[in-house]
Colleague: 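Next up is a structure, given as structure tokens.
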Amino acid sequence: MRTFNIILVTMFLTACGGGMNHSAHMGMAVATPDLATTPVAQSNGIAIRDPWARQGTNGDNSAAYLVITNATSADTLLSATGDVATSVELHTVINENGMMQMIPAEGGVPVDANGIQSLKPGSFHIMLIGLRKDLKSGDSFPLTLTFANAGPINVMFEVR
Ligand SMILES: [Cu+2]
């Protein structure tokens, strides 16, 4: 458990690297996802913690993040759907000749058996393409996350 917590702290700090909100997030370091906390949603062994999204302007793009834990056999996040944006896609980030590029996550986002998978800046994320409204700090919106085994899970994302 202690090892898990340390890994999560590292992930959180990485997720906060750069950006105008850096200092704000650092000040909230105690809000690091804690596997001992109650998940915001769970189904069939999959639990969701710390769902959040970047602020954005109507018509622009944004991204959403979360921590997935899996208490059962290997699963895959196949899709995220919602009406917050014209298109909602699962993306990953690759290093192409020193340039960081995001591309669709072919086959979805894998979640190991009894494992943890973080969707975070610089890694897997949910891309919100063409926001249908402004996303301001404190707003929230729903997405449906569909897993191959666990099925659909409705999650509210908090805008930060
Ligand atoms: Cu993306």
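In each ligand, atom 1 is the first atom listed, and ligand 1 is the first ligand listed. Note: hydrogens, waters and symmetry copies are ignored here, and every other heavy atom, side chains too, is used. Since the structure is predicted, the reported quantities are computational estimates derived from the model, not experimental observations.
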Colleague: Hey, could you give me the CG/CG distance between L66 and L119, rounded to the nearest 0.5 Å?
Modeller: 5.0 Å
Colleague: Enumerate, atom names and distances included, each donor-acceptor pair closer than 3.5 Å involving a side-chain atom of residues 138-147, sequence neighbours excluded.
Modeller:
residue	atom	partner	partner atom	Å
D139	OD2	K136	N	2.8
T144	OG1	N154	OD1	2.7

Colleague: Salt-bridge test for K133 and D83: reply yes if a basic N is under 4.0 Å from a carboxylate O, no otherwise.
Modeller: no
Colleague: So how many protein N, O or S atoms does the Cu ion (ligand 1) have within less than 2.8 Å?
Modeller: 4
Colleague: Using a distance-only test with no angle check, is there a side-chain donor-acceptor pair under 3.5 angstrom linking R49 and T69?
Modeller: yes
Colleague: Output a table of donor-acceptor pairs, distance under 3.5 Å, between side-chain atoms of residues 71-81 and any protein atom two or more places apart or on a different chain; print 'none' if there are none.
Modeller:
residue	atom	partner	partner atom	Å
D75	OD1	A148	N	3.2
D75	OD1	N149	N	2.8
D75	OD2	A150	N	3.0

Colleague: Could you tabulate the donor-acceptor pairs under 3.5 Å formed by side-chain atoms of residues 90-107, not counting sequence neighbours?
Modeller:
residue	atom	partner	partner atom	Å
H91	NE2	E89	OE1	2.8
N95	OD1	G98	N	2.8

